[in-house]
Structure formats: structure tokens, C-alpha cells
Number of protein chains: 2
Amino acid sequence: MGKLREPLNMLYGDNCALPLALEAMGERWSFMILRAAFNGVHHFEEFQQELSIARNILSNRLSKLVDHGIMAREVMAEDRRKVRYELTEKGLELLPAMIALRQWGEKWGAGVPSTPVLVDVLDEQPIGPVTITAHDGRPIGYKELVWKHRSELQPLGQARARTDERMAPVAAE
Amino acid sequence: MGKLREPLNMLYGDNCALPLALEAMGERWSFMILRAAFNGVHHFEEFQQELSIARNILSNRLSKLVDHGIMAREVMAEDRRKVRYELTEKGLELLPAMIALRQWGEKWGAGVPSTPVLVDVLDEQPIGPVTITAHDGRPIGYKELVWKHRSELQPLGQARARTDERMAPVAAE
DNA sequence: ATTTTAGGTTGCAAAATGAAATTTAGGATG
DNA sequence: CATCCTAAATTTCATTTTGCAACCTAAAAT
């Protein structure tokens, strides 16, 4: 495991975006609502029926998602009772995180073959696993990763020649 | 996006692994504990200090993570008061999901340059963005994705626009 | 004008959360 | 041995968050 210990005490100011992401998406229903949205659900009653979520919670979560800029709320012109919730760019970019979670659940849960499946529009083949990639796109696993402080980063093109004791992989120990 | 509406009502049996994943990781502190674990935190008091989390909640969450097989709990031989919490394979494989969330937070949060950063052990360059990839490794965005039911899947080889090259090395970000 | 529909609010009980004190078990010290 | 110390939990109790059910309101529909 990496030598460097990330100071994640948010008391003295946090320098990791994870808590930030969790503030927006860390609540129970947030990802479920997001999934429904990715599946083309746009209206309150639709969400409510699909998720069997309490109306007040749904209301509250939708508002929060809108506040966080993940969904956009638009009162529809043709029927002004209707409100349409739409994923923003910011919301759409949560897809990798959602798929990563889902794939993990699929792999480690009791053999749940999730349906439907996301396929590439070009070849209609299911997507591959969401992976971490090196700067050049090579997929790499946790064994090939280390934590580094920004200040210690090597400029591109100066790969390290030899490995010393600071190079313990993330998962070691 | 998707044409098909995923029936996510878990009342009549669910066929998506996302709720399953959320059951294990959907609570507020779960990802924060996971992050600390990835950073080399192994002991109760360490977690407690780093996260400033209430002790009872920490105790409860660690138990749950152990129950879910995400962390292993080992009473240490040399001092049997001490308990060591270690990420299992299952836990380690949550890294893509965690990084995806973190990167999302980094991109959309108020310009938080997260530190430390994960780097490739080989070239010490920071990792690229976590992306969704096609079956052949090509990274694809949400615009190129559709939902399909398993039954409708094309057998591999009958795809329209095949790209059978290995990983397209796309310079990330 | 009444009814229906979409999208919410309330009110209240149950559950989750968190801070602080207490407990349990194992080690260290005199 | 008797005492103190430490790591990890658990208990207690006040605060928050959740969830169900019922109610509200504006805009269509009839």
C-alpha cells in the first residue's frame, strides 16, 4: 500500500473530491433515481411508480439533484402541471460511476445478470468493464497503482528508471 | 438515450445489480471508509481520527463492510487487542467506482484538485479518466450507448462496424 | 362547475445518526 | 498479583432523517 497517507480530515479543509461527489450522490435513493433517469424516466409520477419511493423523499431528492445541477427541472409548455426532469451534462457524466457500481454488484452479487444491458450503438455489443486506465489508455488494476502527491509528479516523458521502496503498490500488505 | 425502459421495480424481483451494490456501499460513510482503506488505513482508531466519524457508526459500518465481504477483519497475533481491517479482492475491485465518483467530483466540483493522485507505478503518470468502454476497449460516451435486453443481443461477429483492434490508446483527458 | 391529474406539502411515528460515557478484553508496569 | 493503559465496541440519549398517509394546489378535462 502506498506510503503516503492522504489527510482526509475534512476539518482542516478537504482536498479530495470524493466527499464532494458523495454530498450530491451519497444518499440512498440518489443513484436509483439517476438510473431511472438514464432509462428515460422524466416525470415525478414515473419515478414514484418505478422506484416505489415515498413521495416526500422523491420530491426532496429531485430538488437536491436539481440544486446540485445533476438534473434540470423544466415546467412543460403544453401542460404546465407537468414538470420534466432531465439529466444535465453533469448528471450524464455520472454514468461511468453508476456503471462501475452496477458491474461490481453484478460480479460480486449472487450472479445477477443485470438486464437491460448497455450496448455500443455501433456494433450492438455489450460494453466492457469500466476500468481505470493509465494516461495512455492502457487499463490498469489496483496492483499497478500508487498514490502520489501532486508536487511529486514527474513531467510526462520522464518515466522512472528504477523502483525503490516508495513504490509499493496500492494493494500491497 | 435508451429506448427500452428498464423495469426497476424491485417489488417483483429486481434484475439490476445496482441496488445490490448500493446495499453494500450506499451509506454515507461507506465510500469514505473505503477511501481511507485504499490509503492504507487499517485500524479502528486510524479510521476514527482520519474521518472524524462517530465511533458507533464506524463500528457499525466496518461490521457491515466485513459482512458484505468488502473488508476482512483479522485479530492481530502479536497484540490481540488490535484488529486489522483489510480490503478483500471484492473490496479492492470497488476502486474503479470510487475513482469514477472522485473524478466526477473533481471535474464538476469547485475546481478541487484532489490530492494525492493515483499514478501508474510504471511511468508515474497520473491515471486517465475512468470511462465506459466498448467490448473491444474503445472508450465510449453516453451518446453512443443504448439499452438492450439480453435476448436481443447480437452474437459477437455479426456486428456492423467492427473494430477488432485491441485497446485504442486514447490519450486521456 | 366539477373532476381528474401532476406534482407536490404536511404531520407524525419509526429509524438512522452522532457525541459522550461505559464496557470488554488484552497488555504493560510496579 | 493489582493497577493502569489501550484498542475496539457498545450503550445512552438527543437530534435528524426517513417513510407512510393524508392533504393541498394549479392546470387540464369533462
Side-chain angles (χ1 to χ4, degrees), chain A residues 5 8-12 14 19 22-34 36-37 40-68 70-87 173, chain B residues 5 8-11 14 19 22-34 36-37 40-68 70-87:
Chain A
R5 176 72 44 89
L8 29 73
N9 45 10
M10 45 226 69
L11 298 165
Y12 319 125
D14 198 5
L22 290 174
E23 202 183 311
M25 294 302 300
E27 275 157 320
R28 244 260 226 320
W29 287 102
S30 307
F31 267 104
M32 293 301 283
I33 292 173
L34 192 80
V41 169
H42 291 289
H43 297 282
F44 190 93
E45 302 294 333
E46 287 182 297
F47 283 110
Q48 207 279 313
Q49 283 179 44
E50 299 262 323
L51 300 173
S52 329
I53 179 179
R55 303 175 71 78
N56 56 346
I57 303 293
L58 176 57
S59 175
N60 183 283
R61 289 302 170 280
L62 286 172
S63 301
K64 267 189 195 171
L65 290 173
V66 169
D67 289 348
H68 282 292
I70 291 165
M71 296 233 231
R73 182 198 151 99
E74 182 200 0
V75 176
M76 301 192 73
E78 68 273 25
D79 183 344
R80 297 224 308 269
R81 292 171 304 181
K82 289 194 182 173
V83 174
R84 185 184 170 85
Y85 293 94
E86 188 117 31
L87 286 167
E173 277 184 66
Chain B
R5 175 74 45 89
L8 30 72
N9 45 11
M10 48 225 69
L11 298 166
D14 196 5
L22 290 174
E23 202 185 310
M25 294 303 299
E27 275 157 318
R28 246 260 216 326
W29 287 101
S30 307
F31 267 105
M32 293 302 283
I33 292 173
L34 193 79
V41 169
H42 291 289
H43 296 282
F44 190 92
E45 299 296 331
E46 287 182 297
F47 283 109
Q48 206 280 313
Q49 283 179 43
E50 300 261 324
L51 300 172
S52 332
I53 179 178
R55 308 176 71 79
N56 54 348
I57 303 296
L58 176 57
S59 175
N60 183 279
R61 288 303 170 279
L62 286 173
S63 302
K64 266 188 197 172
L65 290 173
V66 170
D67 289 347
H68 282 292
I70 291 166
M71 296 234 233
R73 182 199 150 99
E74 182 201 1
V75 176
M76 301 191 75
E78 67 272 27
D79 183 345
R80 298 226 302 271
R81 292 171 303 183
K82 288 193 183 173
V83 173
R84 184 185 170 85
Y85 294 94
E86 187 118 30
L87 286 167

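Numbered from 1 within each chain, the chains take letters A, B, ... in sequence-line order. Values below: every heavy atom of this structure, side chains too, minus hydrogens, waters and symmetry copies.
Judged by distance alone, the side chain of His42(B) and the main-chain N or O of Arg84(B) form no donor-acceptor pair under 3.5 Å. Listed for the Ser63(A) side chain is a donor-acceptor partner under 3.5 Å among the backbone atoms of Ser59(A). For Glu50(A) (side chain) and Ala36(A) (main-chain N/O), no donor-acceptor pair under 3.5 Å exists by modelled atom type.
Rounded to whole Å, atom C1' of dA8(D) lies 10 Å from atom CG of Leu62(B). The interatomic distance linking Glu50(A) (CD) with dG7(C) (C1') rounds to 17 Å, in whole Å. Protein atom CE of Met71(B) is 14 Å distant from nucleotide atom C1' of dA8(D), rounded to whole Å. One interatomic measurement links the two molecules: NZ of Lys82(A) to C1' of dG8(C), which rounds to 16 Å at whole-angstrom precision. Atom CD of Glu23(A) and atom P of dT17(D) are 12 Å apart (whole Å). The NE2-P distance, from His42(B) to dA7(D), rounds to 16 Å in whole Å. Distance Met76(A) CE to dG8(C) P: 13 Å, rounded to the nearest Å. One interatomic measurement links the two molecules: CG of Leu22(A) to P of dT17(C), which rounds to 14 Å at whole-angstrom precision.
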>> Protein within reach of the bases, or only the backbone? For nucleotides 18-27 of chain D, mark each nucleotide 5' to 3' as B, S or -, using heavy atoms under 4.0 Å.
In response: SBB------B
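By the 4.0 Å N-to-carboxylate-O rule, Arg73(A) lies too far from Glu86(A) to be salt-bridged with it.
Of the side-chain N and O atoms in His43(B), none sit less than 4.0 angstrom from OP1 or OP2 of dA7(D). The shortest distance between the side-chain N/O atoms of Ser59(B) and the OP1/OP2 oxygens of dT10(D) is below 4.0 Å.
The side chain to side chain contact (heavy atoms under 4.5 Å, CB included) check on Asp79(B) picks up Arg81(B), Lys82(B), with sequence neighbours excluded.
Looking only at side-chain heavy atoms (C-beta outward), Phe44(B) and Val83(B) stay at 4.5 Å or farther from each other. Taking the side chain as every heavy atom from C-beta outward, His43(A) and Met76(A) approach each other to under 4.5 Å.
When heavy atoms are screened at a 4.0 angstrom cut-off, Arg73(A) is found touching the sugar-phosphate backbone but no base atom. If you check every strand for non-hydrogen atoms under 4.0 Å, Phe47(A) touches nothing.
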